[in-house]
Peer 1: 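Can you keep this structure in mind? I'll have questions shortly.
Just so it is clear: chains get the letters A, B, ... in the order the sequence lines come, proteins before strands, and each one is counted from 1.
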Amino acid sequence: MEILRKVIEPLLGDALEELGINTDYWKKSLSQSRERDQGDLSLPCFSFAKEMSKDPNEIAKKLAEILSDKCNVHSVGGYLNFRADKKWLAAEVIKGFEHAGESNVLIEHTSANPNGPFHVGRARNAILGDSLVRLHRYYGNIVRSEYYVDDMGKQVGVLAWALDNLTKEKVDQILNSNTDSDSRWEGKSDHETVKWYQAAQLLRQEGDQEIESEISRMVHASENGDDTVLSKFEDSYSPVLDGMLATLSRLGIEFDTFTKESKFVVDGSVSRLMEAFENLEIVGTADNGAKFLDLGQRGLKGKTEFFYRRGDGSSLYATRDIAYHIWKWGQCDKLINVLGEDHKLQSKQVGLTLQELGYKVPEVMFYAFIKLPEGKMSTRRGNVVYMDDLLEEAKEHAAKIVRDLRSDLSEEEINHIAEAVGVSAVRFNIIKVSPDKGFTFRWEEALSFEGESAPFVMYSHTRACSIAKKVGRKPSECEIGEIGDSMYELLRIMAINHDRLSRAVNGNKPHIYATQMLELATAYNAFYRDCHVINEGVVNEFNFCISERARVMLEQGMNALGVIPLESM
RNA sequence: GGACACGUGGCCCAGCUGGAUAAGGCGGCGGCCUCCUAAGCCGCAGAUCGCGGGUUCAAAUCCUGCCGUGUCCGCCA
């Protein structure tokens, strides 16, 4: 509880000085208490024991004695526990909390190859990335969200070739099915076009040299900045990308800017970069003239050669990525990338190279993959769950529940609630777990709307909304009233909201804030049970005031996670 | 083979800048709608924190070895 720390630290500093401790290394061990009944901040006194050659228990007791008339403090078994005064806490909560962000942040996320619809695995990037964007904005930072469009290279080449050379009939024949179950997405450009891509990939597997050389020709041309090929590529991937973005938009995910990979080839920054590499002391040349940097000299383990130029002089994906990063550094003071764990090595190489050139290393949030019970997700083997299907399923499931629970609502209202619940639940399920945890997608978990889920948080919020609606006005100025256990607990959770947000933002860990929302909702539910705002028609102003603060905090917090706050559900 | 992650009750997961009885959820069992929406609330059962060493007053947390799982190791993107 940082607001309490500000009060306690100076007092504690003085008290320790009195006992002859003049350093301030203890500040880092003064931390949030683990258990509720311990208090809000705790200081273990064991480390003082050696220095003072005294029993830690005695030290804690002595400190408690010195501080007893200045703050609420107890010593227990060598620990010093501080507790925020209830009324002070209530006043702080009513006053509200300032957010501290002031950085100019550029967050690049998703950046998926525009060659087919999102499955839930690929979408983890977008959901995590967008949550980070929202959290940073809530924190007060200026944020730009970027999508790096891979508009050159083999994947797009394959797609472009397929669209040029394969008819619909041919595609169906190659894929050996057009009566797929995914007819529900007929007309959605990413689902439609991915078939061409898949068909082409099958043909390539059969080893048709002509196809291969035609694709290479185009890819090569694109790498040299060939206008016609690049615009052909763009015509091929644009509809697919639009379809993919439509899915993200449904999830509440939008981008501020799109930057095309080809930009850095066309504007010459890639060739300038490769010239700059020549002057580095770790540069090396292979037999055929290909160039690399020996990152082993900079601490990279395993394979240390990082190739940035082919034998024929053309650039590689990673080279362009570095040019892109240099460009990004020119427009922000904090750079964050959201990447799958398969990019760890690549990202390390980019980071070391940037460092070698005198640039800062970007922060990276890595996430592990989502698997299916049957194994790894793979479009090719048909082992996928498309995000569009998941969203549709989640919405249907939500609609069923709303229809059950709320016979008073119109079909239109049910639809609106179901969409919000479905989308929020899908997002929250991904956000609430630590990104470096690989997890297995299970329908029954994805569609669980109880317990630790978005609807749980949404429901608490609607309860607060319902109260506000019943009262029908803003809370007026009031005295601080009675603070029972449930309210006290709510106040404490609210008081650490900013601490949690700060940890989530500065550590790139959205799940920390998801947990905070869960705890806030839980605390609000207890408050709702025990501290009635309206009693026999009379409004308890103090309770109402706290309820409103909690309502706003829930609303803002939900928005910061992409969970949609509804007034009724 | 090498590098990097992860391994916590039947299942999922938090905690891992070392600190006091390991927090939740799902599932199981038992309760609560004459009272601001029961997608809620309360109670019970369930954990040798993968295994072995080490550091420390103190280890789920740090170091190390092993085992298991995942990812990566392209002059692909």
Peer 1: Nearest to the side chain of A:Y528, heavy atoms from C-beta on, is which of B:C36, B:A39, B:C76?
Peer 2: B:C36

Peer 1: Pick base, sugar-phosphate or nothing for A:L345, based on heavy-atom distances below 4.0 Å to the nucleic acid.
Peer 2: sugar-phosphate

Peer 1: Which part of the nucleic acid does A:G311 contact within heavy-atom distance under 4.0 Å: base, sugar-phosphate only, or nothing?
Peer 2: base

Peer 1: For B:A77 and A:H343 - does any side-chain N or O of the residue sit under 4.0 Å from the phosphate oxygens OP1/OP2?
Peer 2: no

Peer 1: Answer with base, sugar-phosphate or nothing: what part of the nucleic acid does A:L316 contact at a heavy-atom distance below 4.0 Å?
Peer 2: sugar-phosphate

Peer 1: Name the stems with RNA chain B in them: runs of three or more consecutive Watson-Crick or G-U pairs, distances under 3.5 Å?
Peer 2: B:1-7 with B:67-73, B:10-12 with B:24-26, B:28-32 with B:40-44, B:50-54 with B:62-66

Peer 1: If you measure from the P atom in B:A5 to the same atom in B:A39, how many Å do you get, rounded?
Peer 2: 44 Å

Peer 1: Report yes or no: does A:N288 contribute a side-chain atom to a donor-acceptor pair with the main-chain N or O of A:A290 at less than 3.5 Å?
Peer 2: yes

Peer 1: Between B:A14, B:C36, B:C75, which one does the side chain of A:S466 approach most closely?
Peer 2: B:C36

Peer 1: Would you mind classifying the nucleic acid contact of A:T462 as base, sugar-phosphate or nothing, using non-hydrogen atoms under 4.0 angstrom?
Peer 2: base

Peer 1: Are OP1 or OP2 of B:A23 and a side-chain N or O of A:R36 less than 4.0 angstrom apart?
Peer 2: no

Peer 1: If I pick the C1' atom on B:G46 and the same atom on B:A23, what distance separates them, to the nearest angstrom?
Peer 2: 15 Å

Peer 1: Between A:K344 and A:F366, is NZ or CZ placed under 6.0 angstrom from the six-membered ring centre and within 45° of the ring axis?
Peer 2: yes

Peer 1: Write down the distance separating the C1' atoms in B:U56 and B:G74, rounded off to the nearest Å.
Peer 2: 47 Å

Peer 1: Which value, in whole Å, describes the distance between the P atoms of nucleotides B:C57 and B:G40?
Peer 2: 48 Å

Peer 1: For the base of B:C75 and the side-chain ring of A:F307, does the geometry meet a stacking cutoff of under 5.5 Å between centres and under 30° between planes?
Peer 2: yes

Peer 1: Think A:N525 has a side-chain N or O under 4.0 angstrom from the OP1 or OP2 of B:C41?
Peer 2: yes

Peer 1: B:G40, OP1 or OP2 - any side-chain N/O from A:R529 closer than 4.0 Å?
Peer 2: no

Peer 1: Could one point to a donor on the side chain of A:E519 or the base of B:A14 with an acceptor on the other under 3.5 Å away?
Peer 2: no

Peer 1: For A:K376, answer base if it contacts any base atom (sugar-phosphate contacts may also be present), sugar-phosphate if it contacts only those atoms, and nothing otherwise; contact means non-hydrogen atoms under 4.0 Å.
Peer 2: sugar-phosphate

Peer 1: Can you build the contact string for nucleotides 2-10 of chain B? Use B for base contact, S for sugar-phosphate-only contact, and - for no protein heavy atom under 4.0 Å.
Peer 2: -SSSSS---

Peer 1: Is there a donor N/O on one and an acceptor N/O on the other, under 3.5 Å, for the side chain of A:N288 and the base of B:C75?
Peer 2: yes

Peer 1: Is it true that A:E234 and A:K260 make a salt bridge, defined as a side-chain N closer than 4.0 Å to a carboxylate O?
Peer 2: yes

Peer 1: Hey, does A:N81 reach any base, or is it just sugar-phosphate, or nothing, if we go heavy atoms under 4.0 Å?
Peer 2: base

Peer 1: Just call it for A:Q346: base, sugar-phosphate, or nothing, with non-hydrogen atoms closer than 4.0 Å on any strand.
Peer 2: base

Peer 1: Please check if the side chain of A:S424 supplies one atom and the backbone of A:I564 the other of a donor-acceptor pair under 3.5 Å.
Peer 2: yes

Peer 1: Which part of the nucleic acid does A:E223 contact within heavy-atom distance under 4.0 Å: base, sugar-phosphate only, or nothing?
Peer 2: sugar-phosphate

Peer 1: Using a cut-off of less than 4.0 Å, is there contact between a side-chain N or O of A:R463 and OP1 or OP2 of B:A38?
Peer 2: yes

Peer 1: For A:M458, answer base if it contacts any base atom (sugar-phosphate contacts may also be present), sugar-phosphate if it contacts only those atoms, and nothing otherwise; contact means non-hydrogen atoms under 4.0 Å.
Peer 2: nothing

